[in-house]
Structures are given as C-alpha cells and as structure tokens.
Amino acid sequence: MDKASAKKRLLELTRLLQHHNYLYHTLDRPEISDREFDKFFAELQELEQKYPDLAHPDSPSQKVGGSVLDAFEKVSHRTPMLSLQNTYNEQDIRDFEDKIQRALQGAPQKIEFYCSPKFDGVAMELIYENGVLTKALTRGDGYVGENVFNNIKTLKSVPLRLQAESPPVYFEARGEVLMLKENFRKLNEQQDAEGEAPFANPRNAAAGTLRQLDSSIVAQRPLEFFCYSPGVIEGLALKDNSAFEELIKEFGFCTTVTLGDDGDYKKVFNLLKENKTNPLRPPLSQICSGSDEVVAYYNFIHSLRHLLPFEIDGIVVKVNSFRLQEELGFVARSPRWAFAGKFEPEQATTVIEDIVIQVGRTGALTPVAVMAPVTVGGVTITNATLHNQDEIDRKDVRIGDTVIVHRAGDVIPEVVQVVLDKRPSRSKKFVIPLTCPVCDKESVLIEGEAVRRCVNPFCPAIMKEGLKHFASRNAMNIEKLGDRLIDIFFENGLVKTFSDFYRLKKEQILELDRQGDKSADNIIKSIQKSKKTTLAKFIYSLGIRHVGEQTAKSLANHFRSLESFLSASEEELTAIRDVGPRVAYAIRQTLENKNFGKEIKHLIDLGVDVQLPAQKSRGAQLANLTFVITGSFAQSRDAIKALIEDHGGATSSSVSKKTNYLLAGEDAGSKLTKAQELGVPVLDWADFEKMLLNK
Ligand code: IVH
C-alpha cells in the first residue's frame, strides 16, 4: 500500500477500533467478534510498523504500552486538585446544608445537590487538547502532579480522543482510577500463581500500577477510569454538574449513571444484587433536593456498599449549579460547595495469638497472623497475611498485640494497625527466621524482592505445593485430589513428583488409613480423567515461575505444540506479547533442568494427552446448538450472530424441529408462534446471557 492510501486507511482503522473498544469495554455491548477486532488491530499494527510516522497519537495500538521511563515529569495543575470536607453522620450532613444556605444570599429553599458514590481509588486529571489526550496528571500535593500519560493511555476505559464532532479546545476531566474488586481478586490470584507478592487492597493495586515506569506492565493490569468532575474547560460553557455528566458520557467516559427523578432505590438494589448492571455504568448517582434526600441517599449507598463492583468509602455531595459553586468558593484547601459523607470503615479488634511462616510453591516465606476469630462485615476472620518483613516492621506487628483488622477489597483480611495501649509489656519485635521452617535450609533475600525465599528444590513444602498446584482445578484438574489428600499421599511417600500421580495404584491408596474401596476407585478414575488436557493447562500446571494462566494461554496459542514450546529459545519466547525477558528466562531455566525434561517425558509416556489449541474463540458453551434470532435487541443482529458463533454455536434463519433455541427480543412475531407450536424452547436476552456465562 502506498503512503497516501496507508494514511487514509490508518485513520479509518483508528476510528473504527476506537469505536469498538468503547462499545466493548465501556458500554459492555460489543458489535463485532473478538476475531474481527483482532483482524483490524493486526492490520493497524502492520501499517504503523511500515509507516511509523503516520501512527496517530490516539491510535488504539497505544493501549498495549511499551515505553519505559526513567521518571515521571512534574506538571502544575491549572487549578489545584483539592480535598473535600468530611462528614460522618446525619447531623453533619444537615449542618452542611445549613452552612451553605447561610453563605448563599437569596438561595432557593432547597438546594439541588448532585450526589455520587465516593470512589476509593487514585485521583487523576486527564487533559485533552482539541479532543486528543495529551497529559494525565496524578494529584500529587494538590498543586503539582506527575504526568503518568504513558500508563493512562493503556487503560481501556480512557478515550484517547473525545467522541465529539467539534471537541472543546481544552478539556480537563477529573476522576478516579480504580480496580474492580473482581479484577483485584483475579490479579492477586495471578500474582500468587506467578509467585509474586499480592497487593493489599484494590487502591494499592491501582496506585502501585500507576507508578510503574514500564507501561507494558500497566497494559496488562485491569484498571478503570471513572470521570466525575470538570477541571479547567475552554471553548464550552456548562450550567451544572448534571450537564457535565451527560457530556462525559457522550465523550466516551465511564461514569455512574444518574438514577433519574423517581430514583427507585429498591430497583437499583435488586439490579446490583442480581449483577444485572454494566459495572462501568452503574446507576448510582442522584440529584437530591435538600438534606432529607441526601441523608436517604447516604443510607441507600451505604446499604449497597458490598454489592458494588468497586470499593467506595462514602458519598460525595456537590451543589449542582456551577453558578452557585462559584458563588460559594473555597475555604482553605476544600470547596465550600461540596462535602464527603464518609462511611465508618468496617473493622474489628482482635488479638494476634501467633505469627506463623507459610512456605509457598515458589519458596516464598510468608508471615501469617493467626488471630482470635472475629467477624468483619459478616465474615469470620482468623488469619491475615502480613506480607513480608517490611510490612511487619512498618506496622510493628507482634505476637500478643491487639490489632484492628478489616477486609481489603471486601475479601482479604488485613491488619490495619496495632493498638499500642494494649501491647503486653514484654513483647518482642517479630523477625522472620533466616531458615526455612520446613526444611531448615538457609533462605535468601533476592535483590529487588521484598520476600525471603527458600531455594531448596527438595524442600518438602515447595514440592508439596507444586503437586497441589499441578492437581488444582485450573491446572490438571484432578477432581478428587484435594489439598488434604495430597498432603497424605506426599507424607506417605506415594507421590513425590507430578508423574507419580499417574503411577498410583488402587492398592496403594487402600493401604492408607480411612480410604474405602469406593473412594479409592473414584480417585483413580479422576486421575485417569485428568490425562486429557489442553496445552495451556498443561503448561500452567508445570508451575513455572511467572507463568500464570494468562501467560500459559499465550504460550499455547503461540507454539501450538508441546515440542515447539519445549524447544523455544529465549529470544523466541521474548517475542511473544505477554512474555517479558524475566518470564522467558524463568521458562528456559526450568525447561533446561534435566530432571524437569525427564518428568515431562514421563507424563507423556504415562498417557497424558495434550490437546492442541483450536481456532481462537471465546469458548464452546454453545457447541452443537442451533439458534434462530427474532425480534429486536440492544445489539445488532450481526453482533449476536458473531457472539453465538464465537461460542461454538450456529444460527439459522428459519425455525424448524432442528432448531435448539429461539432467541426472542422485543416485538417477536411469526417465528415465536412457530417455535411455540413446534415446542422449541424460547430464550430472552437474560436467559441467553446466563447460558453464555454458566454453561
Ligand atoms: S468530586 C473538589 N466525586 O475525593 C473535589 N470526588 O477528598 C470534587 N472522589 O481526591 C471532587 N469519588 O479523588 C468527586 N464521586 C466523586 C469522588 C471524588 C472520589 C475523591 C477525589 C478527591 C477526593 C476528595
């Protein structure tokens, strides 16, 4: 393609991919299949490689990251990013309205407030010049922030260009970068599977990620940006915060959607409970008139707290009118026109009875506090990880201490702080022992890492954890082999290596205490069943450092055979999208180990059957099923068709006895009648979605 045509095509592709990114990620309503998207994306990348000078600054290829910085540039905010005055109860909220009333002469009787949840993430200011993202500033000290542009560019929910025919000349969008609870949980699982330290809570995960100097790491972490307030805007006048919210939705940002006048709290509660809202557009903001309504809103959001897909720590209440905001102005470092209604953190007090050291699959020595059982947010907590020595020192946690605990991201128990008044008089600082508590060999502290590790490959704890990983659900999936049973097999010398599982005999199991004939049979059966596996699962189950499920999938999709994976050079590995030099090195190190190579051969000789990856698709939930689509849906017909095909199903245009399901939208007509006559099951959109998710 010549340069002029390439230029034209690149612009087309950039706009097209931006649009589909937005539909997929922000609106949760894709119109093309992943495969089609990948095709366009590959075309774009190819053209950009050929003509680097033609790449647009807002090209979707920017979202994969790649640049590595030495440090972030410091930039002044044109208007400072301030903090909010806090209130903690009903009376505080009422007092606030009174204060505002007094400050405003001739104000309306009831002031209109724009209320939203207070996100517990990292504040960010995005700057768009002539519609194109040019800077992304952290709050810093409120006056000077750091430009984390390269990192922010990789966020799927950040538009690199405002969706507008004639965007404002200068536009500052302020909001919060955060990690959804679900993604936080997955990230920590992945960190764990890869032998990395977990993050303490979603906010730390988001903050830590934004501080990365290598933007390709950021591109792999799922962060969202929720926009909630304007900074400086030039070339556009807005009346109030409601108008701003409408505008940013159009521009392509994620934001909480306004409930509307009739704000039916109960309906929203049920929607969230049943997981039926778009997590990037939950209907959670509300216009409230006067403090009675604000108090009701505060209680409503409080009751929803644990159902929300992200962490919040209160509500934010703003005077809706920008004219009134200006009139009210500022006190010290906060606006007089807004306040936060904070929730008391859900915490509890308990006593640390012991600190034990756990040895993980990668040899990491993790200190864990064993506490007197206590309930937090309805769940009983007994253990909390203390992460590493630095964390223990920072919080100065000791055995016998009374501590405050909470659950980070609503999941992970965390020690918040020690109640020093209650510290026993003869307590001693806790130091992680220098030797592994299981094998007694010296542990090491690798430079640049926070955790000590046992590096003895024959450490029983490491071997045992490796076996558990191998048998686990997302690895070889040996269903009947729970952790306890593996402990017993290991301690009785029945299983020491992966391949020993496949050498197990029923008689050996029967010799163990309390194993009956039936259960021994079941164990053998499930071991046999696990032999059939996929290349991705097989690679993952080997437990190679840094190779989590996602990386294993990328490796499988790249190599497509076990032999080519086993013989890949470090260079070839590094060339794969999800594989950095550190991962490639770890893979080569492991595979070059003679015993490891032999072990893989044993597995194959014993009948492990590694299926090679098929065509890329989202799954086979709908395999062998034929659908007929009728009526109208929020998505286009083509999009639904692609979705069905992507999940292994087929579509047909007329209903017959062979039709497995009729997918019926609004105003379905003759096809619906025919399906009912023939007894073909009819699905609505919700049924269909359930089918995609559950089956
Ligand atoms: S509006 C003058 N809306 O709260 C600031 N802020 O303590 C007006 N925050 O650092 C901001 N969720 O990062 C607003 N829905 C929301 C918010 C929100 C969280 C944070 C913001 C700021 C802090 C102020």
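The first residue of the sequence shown is numbered 1, and numbering continues consecutively from there. Remember, it's 1-based here, ligands and their atoms both numbered in the order they're listed.
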Using a strict 4.0 Å cut-off to heavy atoms of Pro335, name the atoms of ligand 1 that fall inside it.
2 (C)
Would you call the rings of Phe251 and Phe171 parallel, tilted or perpendicular, taking 30° and 60° as the class edges?
perpendicular
Can you establish whether the number of heavy atoms outside Glu274 located under 6.0 Å from its atom CD is more than 12?
yes
Out of Arg139, Met81, Gln325, Met124, who gets a non-hydrogen atom closest to atom 22 (C) of ligand 1?
Arg139
Does any N or O atom in Ser229 lie less than 3.5 angstrom from one in ligand 1, N or O only?
no
Please identify which of these residues, Glu176, Glu245, Lys318, Arg174, meets the side chain to side chain donor-acceptor pair (under 3.5 Å) condition with Tyr228.
Glu176
Out of Trp337, Phe119, Phe339, Tyr114, whose heavy atom is nearest to atom 19 (C) of ligand 1?
Phe119
Is there side-chain contact between Arg221 and Gln190, with at least one heavy-atom pair below 4.5 Å?
no
Test of proximity, Pro117 against ligand 1: N or O pairs below 3.5 Å:
yes
Can you tell me which residue and heavy atom of the protein come closest to atom 23 (C) of ligand 1, and the distance to 0.1 Å?
Lys118 NZ, 4.0 Å
Among all the protein's non-hydrogen atoms, which is closest to atom 11 (C) of ligand 1, and how far away is it?
Tyr228 CE1, 4.0 Å
Positive for side chain to side chain contact (heavy atoms under 4.5 Å, CB included) with Leu284, one of Ile301, Val257, Thr255
Ile301
Assert yes or no for the condition that the ring centre distance of Phe149 to Phe72 is strictly below 6.0 Å.
no
Atom 7 (O) of ligand 1 sits nearest the protein heavy atom Leu84 N, 3.2 Å
Relative to the heavy atoms of Lys318, which atoms of ligand 1 are at a distance of less than 4.0 Å?
1 (S)
What about Glu176: any of its N or O atoms under 3.5 Å from an N or O on ligand 1?
yes
Are Asp396 and Arg398 within salt-bridge range, i.e. N to O under 4.0 Å?
yes
